[in-house]
Amino acid sequence: METQRGTRMADSIKDLLKEASMAYYTGEPMMSDAEFDILASSVRFTDVGYSSSENRVAHVHRMYSLQKVFENEHEEKNPLKLYTGKVVWTPKLDGAAVALYYNEGDFVLALTRGDGKKGIDITHNMQHLVPKRCAMKGFGKQYPYAGMLQITGEVVAPSSIKNARNYAAGALNLKDEVEFKNRDLRFIAYAAQPTTKEYWTEELEVLKLCGFDVITQEEWHEYPTDGMVCRIDNHKQFEAWGYTSHHPKGSYALKRIQKGVETNLVDVVWQLGKSGVVSPVGILDPVEIDGATVSKATLHNMAYIEGLKLEIGCRVEVIRSGEIIPRIVRRIY
């Protein structure tokens with residue numbers, strides 16, 4: 001029965017895409033290019049030359065990163081300190097960001113965040129982790145959104161798992177669906193677009209009624225976090241604050257000051273980066289930071305080296321900046 005339903009849904013989407021293709025070529029498009037690509041990818045529609053380079057598909061709504069503010073500079077650099085309306089604080093989960101797509105209530109596609117504009121198709125795995133139908137329970141199972149819905153959130157693993165962030169992120173691209181289903185993972189939603197409510201918190205309540213875990217429902221202490229997120233609650237005011245090329249201005253991440261790990265600076269080598277700039281890299285005695293073995297750290301430029309008074313053989317403190325890039329933050333002796 002489920003297979004027959006899936007076949008009927010795929011045929012219905014293909015008919016819709018054929019209609020959309022005709023509308024596009026007659027100069028009266030009925031959906032955006034991104035929405036077309038999402039649906040085409042979900043049913044492998046190729047009738048009009050659709051292709052997905054390296055399995056990458058454009059997000060309907062861009063997935064922005066968040067501006068980071070550290071605790072010791074929050075009072076000075078808080079980007080919302082002049083805002084007088086209601087803001088909401090939620091945990092900043094440390095997992096892998098994912099976008100889900102529902103068309104008229106049916107789950108059709110899941111994408112990794114990628115570069116925020118395009119992501120990799122991971123539908124084969126995410127179908128085992130999220131509702132197949134987005135419909136409000138207790139309300140006749142009605143679909144509360146018109147057309148295409150993008151739900152963004154985080155796939156996380158419990159903190160009890162060593163290097164939980166990599167465990168969750170690595171699971172997304174597993175080829176073996178059985179292995180994915182056996183992993184201890186959870187999807188927690190934190191946004192829906194297009195919006196239907198005046199407030200962001202109200203929007204998440206709708207998703208909760210549709211069967212999703214949402215970031216506002218609890219503190220999520222059992223999952224790793226790397227700070228807190230502050231966000232303007234009112235949708236119109238959030239949009240009015242606008243965006244930079246990288247992040248929204250109506251929200252930001254408040255990050256904890258990381259405690260570094262001590263090791264020895266063994267050597268300094270010069271490395272040619274992708275942009276063509278040659279920069280110094282510190283070679284370290286290997287040390288474990290947050291479950292990863294670190295043996296190299298960026299030194300940026302000569303001014304950075306001189307400012308920290310670094311020398312071969314000195315003892316240094318190292319952090320993983322943004323939980324990814326190792327960086328020397330000070331000389332100990």
Side-chain angles (χ1 to χ4, degrees), residues 59 61 63-66 88-102 105-114 116 119-138 144-145 149-193 200-229 231 251 253 255-256 290-292 322-324:
H59 293 293
H61 302 278
M63 293 179 68
Y64 285 90
S65 59
L66 289 173
V88 181
W89 287 91
T90 55
K92 186 178 185 300
L93 295 171
D94 194 14
V98 166
L100 310 176
Y101 293 91
Y102 287 80
D106 291 312
F107 175 59
V108 294
L109 194 71
L111 301 176
T112 61
R113 180 186 182 278
I120 295 174
D121 185 342
I122 52 170
T123 311
H124 65 292
N125 285 330
M126 290 301 296
Q127 66 180 331
H128 303 296
L129 200 59
V130 300
K132 292 184 178 179
R133 176 78 182 164
C134 178
M136 295 175 68
K137 298 176 181 178
Y145 298 91
L149 171 68
Q150 176 175 317
I151 299 174
T152 51
E154 202 90 355
V155 173
V156 291
S159 300
S160 57
I161 295 174
K162 185 177 180 181
N163 212 359
R165 183 175 189 269
N166 288 351
Y167 175 91
L172 299 182
N173 292 312
L174 286 172
K175 303 300 182 185
D176 187 344
E177 293 180 39
V178 175
E179 183 180 350
F180 180 85
K181 289 197 296 184
N182 287 334
R183 291 215 176 181
D184 190 355
L185 301 169
R186 194 168 195 165
F187 176 79
I188 301 173
Y190 48 67
Q193 295 167 284
W200 175 68
T201 46
E202 293 176 337
E203 201 74 54
L204 293 186
E205 283 300 312
V206 173
L207 292 185
K208 188 177 177 182
L209 288 172
C210 290
F212 291 92
D213 290 320
V214 296
I215 192 64
T216 51
Q217 75 186 61
E218 58 176 276
E219 295 298 321
W220 300 111
H221 291 304
E222 68 269 41
Y223 297 103
T225 62
D226 60 336
M228 298 288 290
V229 175
R231 190 191 196 282
S251 61
K255 307 278 284 186
R256 294 185 291 264
D290 297 330
E323 292 74 53
I324 299 174

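The shortest distance between side-chain heavy atoms of Leu100 and Phe187 falls below 4.5 Å.
Checking side-chain atoms of Tyr167 against main-chain N and O of Asp184 turns up a donor-acceptor pair under 3.5 Å. Panel note: side chain Thr112, backbone Ile120; a donor-acceptor pair is recorded below 3.5 Å. With hydrogens and angles disregarded, a donor-acceptor distance shorter than 3.5 Å links the side chain of Trp200 to the backbone of Tyr190. With hydrogens and angles ignored, the 3.5 Å screen pairs no side-chain donor or acceptor of Arg113 with any backbone N or O of Ala96. Side-chain N or O atoms of Gln150 include none that pairs as donor or acceptor with a backbone N or O of Gln193 at under 3.5 Å.
Ion pair Lys132/Asp106 not flagged as a salt bridge, since none of the NZ, NE, NH1 or NH2 atoms sits closer than 4.0 Å to an Asp/Glu carboxylate oxygen.
Residues satisfying the side-chain hydrogen bond (donor to acceptor under 3.5 Å, both in side chains) criterion with Thr201, sequence neighbours excluded, are Asp233. With sequence neighbours excluded, the residues satisfying salt bridge (charged side-chain N to carboxylate O under 4.0 Å, His left out) with Glu179 are Arg183.
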Sequence neighbours excluded and cut-off under 3.5 Å, please list the side-chain donor-acceptor pairs for residues 206-216, or say none.
from: Asp213; atom 1: OD2; to: Arg186; atom 2: NE; distance (Å): 2.8
from: Asp213; atom 1: OD2; to: Arg186; atom 2: NH2; distance (Å): 3.4

Determine whether Tyr102 and Ile151 satisfy the following criterion, side chain to side chain contact (heavy atoms under 4.5 Å, CB included), listing intermediate values before the conclusion.
CA-CA 8 Å; Tyr102 287 80; Ile151 299 174; 3.9 Å; yes
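Expressed to the nearest 0.5 Å, how far OH of Tyr145 lies from SG of Cys134 amounts to 6.5 Å.
His128 and Glu177 are linked by a side-chain donor-acceptor pair at a separation below 3.5 angstrom, with hydrogens and angles left out of the test.
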